[in-house]
Every structure is written in structure tokens, then in C-alpha cells.
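These notes are about the structure you will find just below.
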Amino acid sequence: MKNQISILVRGLFGMFAIFAAVTAQGQTPLAVEDFDLAAGQLLTANGWTAHSGAGTNPLTVVSPGLSYTGYPSSGVGNAVGFTTSGEDAHKTFAVQSSGTVYAAFMVNFSAAPETLGGGYFFHLGPDPISTIFRGRVFARRDASNGVAFGLSKAATGSDTIVWTGNTYALNTTYLVVVKYTVVDGVDNDTVVMYINPALPGGEPASPTITATDTSSDIAPGSYAIRQGSASSHPAGVFDGLRVGTTWASVTSSGPVAPAQNVVDFNGDGKTDFAVVRNTGGGAGGQMTWFINWNGTNDVQTAEWGISTDIFVPADYDGDGKSDIAVWRPIGTGQPSGNAFFYILQSSNNTVRIDDFGQAGDRPGVVGDYDGDGKADVAVYRSGATAGAQSTWFYRGSLNNPGGAITFVPWGQNGDFTAPGDYDGDGRNDFVVQRNDGGGNAVFWFNQSTAGVKTEIFGTPADVIVPGDYDGDGKTDLAVVRGAAESIQWWHRRSSDNGVVVSIFGASATDLPVPGDYDGDGKTDPAIWRPSASAGQSAFWFQGSTSGTVTAPWGQSGDDPVANVFTF
């Protein structure tokens with residue numbers, strides 16, 4: 001037993017536990033345009049479609065490309081030159097009807113208009129694009145050649161565009177990130193823009209500018225480069241366009257780790273509100289999953305598993321969605337009894353059964369160990385006696401079904417597992433928490449890229465809540481503890497080793513359910529508060545961009561799927 005939080009979690013779960021699912025959705029870009037083409041090539045000959053002025057000053061590849069420190073598309077391939085009174089062209093990506101779309105690119109202006117309304121050179125749109133342009137990015141200059149960036153949701157009038165100061169310069173490369181957020185309702189989607197964010201790093205707390213016009217909403221599905229009239233349009237070089245559903249997907253360099261603790265069943269990059277309920281009654285009763293897709297009114301239900309199963313949702317088929325899954329030990333109480341994963345694959349709605357592990361193992365270490373973007377079946381087998389060697393077992397999805405099993409001796413009897421991708425190479429690492437004496441806990445790391453190390457963090461009574469709290473694509477050391485009837489959340493940012501503490505939740509009643517609820521690529525402190533009676537239970541999360549939000553879902557006696565349970 002660890003502390004009041006841990007006692008509450010274990011008392012509620014008995015023989016079964018709810019584990020955090022890991023999905024790569026939201027971390028892989030929807031589109032990347034590095035213009036890795038020969039100079040002189042036309043965009044319309046390479047997958048782009050002209051929607052205005054076709055053939056006039058056609059958009060053409062130029063050399064060299066642009067560079068921006070820390071940006072993954074920096075110095076890759078060539079670029080595209082844009083001028084005035086010419087062809088406008090676009091390309092499509094998978095339509096996003098909910099959540100957030102980020103579009104990042106580098107731009108270098110050789111000229112800009114000295115007009116009040118400037119001119120826009122980039123925008124998003126639906127699919128098909130038609131003439132519905134959203135997230136327009138403008139540029140203009142003053143008499144001293146100081147350049148200003150402008151932004152609107154849809155408007156082009158000089159009185160409705162929001163501008164920066166004229167603090168930017170011609171012939172200088174800038175990184176721009178446009179963020180379009182789909183919001184339930186009518187004419188209330190939001191658009192913000194960041195200019196020159198520090199990389200690597202998470203999404204800044206405040207955007208550089210925010211569009212204020214309302215206009216009609218879209219489901220983003222296209223991006224475009226525009227060349228306007230000679231009197232009111234900038235000219236220059238455009239490069240390194242990256243479109244994704246999280247900050248990390250468009251700004252992180254190198255292999256991008258899957259988002260941690262994301263129970264995302266519809267693949268929009270947001271943790272969903274999900275609970276499981278014993279609808280069959282009694283030990284071994286039928287369990288039903290009740291899922292409210294975050295940001296929508298859609299509800300998913302599935303009868304899957306029994307009350308003695310351990311619930312292990314994750315993206316096993318690599319389609320960017322968490323699969324409903326359970327792990328069932330056969331012959332509980334007999335150490336040699338086999339165990340099976342029962343996975344309902346979201347990609348094709350088929351059932352996968354995998355004989356893996358044995359009774360007494362801990363399957364809460366499921367994750368992507370071979371770096372192929374799919375969760376691998378895995379278990380942790382504790383040493384038989386105090387201090388005895390423990391072992392991790394996994395079968396890489398490249399070897400499934402029935403392929404070779406990899407085992408890694410790591411940890412010892414009495415340790416608690418803390419799986420995650422701490423070095424950001426896209427593969428789960430082997431990490432345990434151990435009592436180091438003197439009221440301290442020590443984490444032992446066996447990392448696929450960074451090697452072996454130890455780190456003192458927290459106390460032995462803390463409950464581990466691993467996740468990417470700073471949005472840099474790496475798992476951060478993170479724990480919760482009960483203090484003064486509240487839940488304290490502690491994490492150490494992998495981006496700069498800074499330690500952050502916040503208070504969120506009541507230790508006597510709430511269950512920690514960390515996840516990325518606002519879809520910005522960062523793990524949010526969150527709790528599920530069961531109703532004290534037959535009333536409505538609710539999720540509460542402290543979004544890094546959305547602030548504190550509550551979502552009624554579930555009832556007393558349910559178990560929240562995103563609840564972190566560590567052994």
C-alpha cells in the first residue's frame with residue numbers, strides 16, 4: 001500500500017485495474033511539405049491543385065530551402081517562391097471535424113506591401129477547398145520596412161485583421177505556427193498564431209496573436225499558398241510546411257514519442273471520457289465500456305471483458321486509435337497458468353487473441369517497444385522473493401502473431417513500474433521506482449537510446465503518473481501524493497529538468513486520470529470524481545491550454561479507463 005490515493009485505487013479495483021492507453025495519434029503529422037524537388041519544378045506537377053489563376057506566375061520550387069533552429073523541416077529539401085498576381089494552389093489532408101489542427105511553416109519575405117490591409121499568403125480550408133478560406137496569414141510593412149504579421153479567421157478587411165507590431169524584418173526567416181481549433185457550436189471556432197517559438201519545447205502559454213473575427217466554421221482539410229494582387233501582396237520564399245493535430249507533431253525533431261496516458265478511441269488526439277461498468281453483476285460479470293468522445297456528442301459502448309480481467313486499451317493495430325482490450329489470466333492463483341490478451345481492433349473491428357504472460361504478471365507495461373507505432377503486448381514479472389530479479393517480457397508487433405518474445409531483466413521484487421518513452425526515441429523504456437531510504441524514491445532507467453541511469457524523485461509512497469507534461473515528445477517523471485486532503489501533482493520537465501507542482505483533486509474521493517484532454521500534446525492533471533450517491537460522476541481536468549474543465553460522465557461504481565494504476 002502506498003498512500004491514501006493508492007489505497008483508494010486498489011480498494012476499488014480488487015483483482016482488476018484500469019491502465020492508461022498509449023496512442024501515437026496526434027504525434028504523427030497529417031502532412032509534411034519539405035519541397036524536396038528539383039528547382040524549377042511546378043507545385044501543380046507534384047500533387048498540388050491550382051484553384052485560382054492557374055498557370056499565371058505558377059508556384060515553383062526554388063533553391064535553397066530555409067532554416068530555423070530546432071525545427072524538424074529546417075534545411076530539408078528546397079522551398080517555394082511566391083510573388084504577386086499569380087496562381088494560388090492547395091493540397092488536401094485528412095479532414096479534421098473535431099480537435100485542433102496546427103500548421104507550421106518557415107517564411108522569408110523579400111517584399112511586403114505598405115498598405116493598411118496587407119495581403120495574405122497562406123490559409124487553411126475545407127476539402128473541397130472552394131473559396132472558403134480560414135486561418136489567413138497576412139504580411140505588411142511600414143515606411144521603415146518593419147514587417148508586421150496579420151491573422152484573421154476569415155476576414156480580409158483591414159479593420160478586422162489582428163496585427164503584430166512592425167517588429168519583423170525583410171530577408172529574415174521566421175517560423176509561423178497557425179492553430180485552428182474546432183469548437184462545438186456555430187461560428188465559434190478559434191484561430192491563433194505563434195511566431196518564432198523556441199524549439200525544442202512545448203506550446204507557449206500565450207499565442208503571439210489571436211484572430212477576433214467569428215465567421216463560419218470549417219472542418220479543416222486543406223492548406224494553400226496564395227499570390228495576390230501586385231499592390232497588396234508580399235513576396236518571398238515559403239518552406240517546411242507541417243500539418244498535425246498536436247504541437248509536438250509539427251515542431252518536434254527526431255523520433256516523436258507516442259502521447260502518454262491518452263485514452264483516445266476516435267483518433268483525434270484527445271483523451272476521451274471513458275468508464276467501464278460491471279453490467280453482468282458479481283465476480284466474473286460482463287463489463288461494458290461507456291465512452292464519450294471528447295469534444296463531440298458521440299458515444300461508443302462495447303461489452304468487452306469480465307470483472308476479473310485487467311483492462312489494457314492501447315493502439316495495437318497502429319491506426320491512431322486506442323483499441324478496447326483486456327488481459328485475462330487463466331488459472332488465477334496458479335503461477336504457471338497462461339494469460340491472454342483479447343483485443344478489439346479499431347482498424348477493422350476484428351478480434352485479436354494473443355496468448356501472452358501468466359497469472360501473477362502485470363500487464364500495465366503495454367507500449368511500443370520496437371518503435372513501429374503500434375503498442376506491443378507486454379507484461380512485467382516480479383521476482384519471487386524480496387529483492388529478487390524482475391523481468392519485462394514483450395512481443396514486438398513486428399513479430400506478431402506468435403513471434404519471438406523479448407525479455408529484459410530489470411527491477412526487483414518490491415519495485416513499481418513506470419513505463420514510458422523517457423528518451424524520446426519512439427520506443428518504451430524499462431523504468432522502475434524503488435524505495436531509496438530516507439523518505440526518498442529512486443527511479444532506475446534502462447533506456448533504448450540514452451542507456452542506464454538513476455534519478456531521485458519523490459517519495460516511495462507516491463503514485464506514478466507518467467506522461468509528457470511539457471509536450472517535448474518525452475515522458476516526464478511524474479507522481480501524485482495526498483496532502484492536506486488534496487492531490488498534489490509533481491512532475492519534472494524533461495525539456496529543462498524544472499520541477500512543477502500543482503494541486504488538483506481531493507485525495508479522499510478522486511481518482512487520478514491524467515491524459516491530453518485539450519489535444520495540445522501535453523499531459524494534463526485530471527481526476528474522475530465518483531458520485532456519492534446515484535447521481536452523475538464527472539471528469540475534471542486542468543488543461544494546459546483550456547484551463548479547468550469538467551465533463552459529467554459515468555456513475556458511482558464505475559471505473560475510469562484512464563486511471564493510472566502502478567504496481
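All figures in this text were calculated on a predicted structure; none of them were measured in a lab.
A centroid separation of 6.0 Å or more is found between the aromatic rings of Y380 and F430. Taking the six-membered ring wherever Trp is involved, the centroid distance between the rings of F541 and F504 does not fall below 6.0 Å.
Side chain of D429 to main chain of V431: no donor-acceptor pair is present (N/O by atom type, distance under 3.5 Å, no hydrogens or angles). Of the possible donor and acceptor atoms, none in the side chain of W540 sits under 3.5 Å from a partner among the backbone N and O of G505. The main-chain N or O of G383 is found under 3.5 Å from a side-chain atom of N413 such that the two form a donor-acceptor pair. A side-chain donor-acceptor contact under 3.5 Å links D516 to the backbone of G521. Counting only distance, with no hydrogens or angles, the side chain of Q389 and the backbone of G411 share a donor-acceptor pair below 3.5 Å.
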Item checked: side chain to side chain contact (heavy atoms under 4.5 Å, CB included) assessment of D317 paired with D315 -> CA-CA 6 Å; D317 53 12; D315 184 11; 3.0 Å; yes
Check: Given S322 and D264, is the side chain to side chain donor-acceptor pair (under 3.5 Å) satisfied, shown in steps?
Finding: CA-CA 5 Å; S322 296; D264 180 13; over 6 Å; no
* Test side chain to side chain contact (heavy atoms under 4.5 Å, CB included) on Y469 and V500 and set out the steps. => CA-CA 10 Å; Y469 290 82; V500 178; over 6 Å; no
Apply side chain to side chain contact (heavy atoms under 4.5 Å, CB included) to the pair I527 and W489, showing each step before the final yes or no. CA-CA 11 Å; I527 56 94; W489 297 73; 4.1 Å; yes
Quiz prompt | side chain to side chain contact (heavy atoms under 4.5 Å, CB included) assessment of V263 paired with F265 | solution = CA-CA 6 Å; V263 178; F265 294 94; 2.8 Å; yes
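Residue pairs meeting the salt bridge (charged side-chain N to carboxylate O under 4.0 Å, His left out) criterion with at least one partner in residues 445-454, sequence neighbours excluded, are K453-E455.
With 3.5 Å as the limit, one finds no donor-acceptor pair spanning the side chains of S495 and D472. No side-chain donor-acceptor contact under 3.5 Å links Q286 and T279. Between the side chains of W289 and Q300, no donor-acceptor pair of N or O atoms lies under 3.5 Å. A donor-acceptor pair shorter than 3.5 Å can be found between the side chains of D323 and S346. Side chains of S494 and D476: a donor on one and an acceptor on the other come within 3.5 Å. Side-chain contact of T475 with D421: a donor-acceptor pair under 3.5 Å is absent, judged by distance alone.
Around CH2 of W444, the count of heavy atoms belonging to other residues, nucleotides or ligands within 6.0 Å does not exceed 12.
Between I324 and I291, the closest heavy-atom pair is CD1-CD1, 4.1 Å. Heavy-atom minimum distance, V177 versus P197: CG2-CG, 4.4 Å. Annotation for G367 and N428: closest pair CA-ND2, 3.6 Å, computed over non-hydrogen atoms. Listed here is the closest heavy atom pair of G426 and D368: O-OD2, 3.6 Å.
Using a cut-off of 4.0 Å between Lys/Arg side-chain N and Asp/Glu carboxylate O, R395 and D354 are scored as salt-bridged.
Residues Y316 and V366 form a side-chain contact, since some pair of their non-hydrogen atoms from C-beta on lies under 4.5 Å apart.
The CG atom of D425 lies 9.5 Å from the NZ atom of K474; values are rounded to the nearest 0.5 Å.
Applying the side-chain contact (heavy atoms from CB on, under 4.5 Å) test to V182 and every residue at least two apart in sequence or in another chain returns Y180, D189, P220.
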